[in-house]
Amino acid sequence: MAEATDAPLLSTPLANRHRALGARMVPFAGYDMPVQYPTGIMTEHNWTRAHAGLFDVSHMGQAFLVPADGKHETAAAALEALCPADILNLKPYQQRYSQLLNDEGGILDDFMATRAGSDRTGSLYVVVNAGCKEADYAHLQAKLPSNVKLERADHYALVALQGPEANAVIAAHVPDIDSLAFMTYRIVTIGGVAVHISRSGYTGEDGFEISVRVDKVGDLWDLLLKDARVKPIGLGARDSLRLEAGLCLYGHDIDVTTSPVEGALVWSMQKRRREGGGFPGADRIQRELRDKPKRTRVGFSFEGRAPAREGAEVRVNGRAVGVVTSGGFGPTVNAPVAMGYVETAFATPGAAVEIIVRDRPLAAKIAAMPFAPHRYKR
Amino acid sequence: MTTKFTKDHEYVRVEGDVAVVGITDYAQQQLGDVVFVELPAVGKQVAAGAEAAVVESVKAASEVYAPISGEVVEVNSALESAPGTVNEDPAGKGWFLKLKIKDKAEIDKLMSEADYADFLKTLG
């Protein structure tokens, strides 16, 4: 998703702050983004696992699906026609992870959907990946029924505060934040600014994603960074954190060719949808649920210290059986970590494989994920 | 004692008939946290410009090219358990390998410290 193009790079409203903090900026998904701050990826990664890391994720797409009749059932039915999650039974203020599917059951993007509460009754709030957002919006515009309108929320920025001290940091501004349950949101005031705060994130840690008006995000960013428990974290550590947490990066670990079953995302398809179908590619997905898919996303652990990167071939007895889709060094597990696909017959945790790095086979094993235990607030 | 530099950000420090090869401070900063170093076998013959070692940061793998031709006479095996030494002391304890110098003329072709400093300025 970070391929170079001739198009000018977009900036988030926090770009000048990243530069002032000494960030190294790189092109990512069409945006000029901080990959790391001066202390480096390893320090940022470890800080997030021990304290609270502040991420600018304003490049991601925020939008609302607004039903003409103001009824949740109307918006939910429209979104359920495009994804395999149970949207209908979301409670007000509750959110869920899902995937937009093409007609073959391949994943166009993964996203978060939230049922609005009394602040926007009937609407669904969705957050999509930066690199996919224009295509997602075009897809939604084309597929949504006429009684559900897509409303972009480009005037909102998004930051994430992640780590074991995130709750205490927010509690300094929102005393009852501890009662906010995992995968739910609330409208609160931080530093005099109304924000949409959800208990969610993409690092495996407890934490929050905070949606705030573009003209107020700088103040919020500065306020949170005044807390000694908070440090800014770049995309480099975001990637190593999510990899250790076993979470997919769109365009790498999942794409238009992979189904949610192959992607080991069956947990995100609730029983009513798995059994009832009614989403794009349901024939393929239900067949894969019944007969197992040909390939499955798995984790890999290594005996040595050499990391395997995206694209490395996975072999069993000399035969190619899969490929690494994300790989690197996991600072928390202090060892190389990777995920990728293997033929399902080989997807047994503990099974030995070889991963080819620089033409040499590295001894590896199929590993259960996450590599670093999730510490979500349950 | 002469130290010379390449455009790929390796340094070569001449110590008698042996050259110590490592990566520059600029290179380690660009790489970020080094997590793994793959070193060649002692006795291996390398040609100038050929891959001599691999350095992996959290993000990516990068080749270390031999700035000059020669036989690998020693490698810094301490880096295998402490790869972060490359970040902490690239010009000192973070060296990669020692080459028995084959052709001194190859060294003369490399950049001086002042030339390398000027070269870095062109990189912005």
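In what follows, chains are A, B, ... by sequence order, proteins preceding strands, each numbered from 1.
A cation-pi geometry, defined here as NZ or CZ lying under 6.0 Å from the six-membered ring centre and within 45° of its normal, holds between A:Arg295 and A:Tyr341.
Side-chain atoms of A:His59 do not come within 3.5 Å of backbone N or O of A:Ala29 as any donor-acceptor pair. The backbone N or O of A:Ser200 lies less than 3.5 Å from a partner atom in the side chain of A:Gln162, making a donor-acceptor pair.
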Using atom types as modelled and no hydrogens or angles, find all donor-acceptor pairs between chain A and chain B shorter than 3.5 Å.
| residue | atom | partner | partner atom | Å |
| --- | --- | --- | --- | --- |
| A:Arg24 | NH1 | B:Gln30 | O | 2.9 |
| A:Arg24 | NH2 | B:Gln29 | O | 2.7 |
| A:Ile41 | N | B:Asp33 | OD2 | 3.3 |
| A:Met42 | N | B:Asp33 | OD2 | 2.7 |
| A:Arg309 | NE | B:Glu56 | OE1 | 2.9 |
| A:Arg309 | NH1 | B:Val58 | O | 3.0 |
| A:Arg309 | NH1 | B:Lys59 | O | 3.0 |
| A:Arg309 | NH2 | B:Glu56 | OE1 | 2.6 |
| A:Arg309 | NH2 | B:Ser57 | O | 2.7 |
| A:Arg309 | NH2 | B:Ala60 | O | 3.4 |
| A:Arg358 | NE | B:Glu38 | OE1 | 3.3 |
| A:Arg358 | NH1 | B:Glu56 | OE2 | 2.9 |
| A:Arg358 | NH2 | B:Glu38 | OE1 | 3.0 |
| A:Arg358 | NH2 | B:Glu56 | OE2 | 3.2 |
| A:Arg360 | NH2 | B:Glu38 | OE1 | 3.2 |
| A:Arg360 | NH2 | B:Glu38 | OE2 | 2.3 |

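Of the listed residues (B:Gly32, B:Ala61, B:Ala60), the one with the most heavy-atom contacts under 4.5 Å to chain A is B:Ala60.
Under the 4.5 Å side-chain criterion, counting only non-hydrogen atoms from C-beta, B:Ile68 is in contact with B:Leu99.
To the nearest 0.5 Å, atom CG of residue A:Asp255 and atom CG of residue A:Asp110 are 11.0 Å apart. The NZ atom of A:Lys231 sits 8.5 Å away from atom CD1 of A:Ile233, with the distance rounded to the nearest 0.5 Å.
At a 4.5 Å heavy-atom cutoff, the contact between B:Val54 and chain A is made by side-chain atoms alone.
Residues A:Asp56 and A:Thr12 bring a donor and an acceptor atom of their side chains to less than 3.5 Å of each other.
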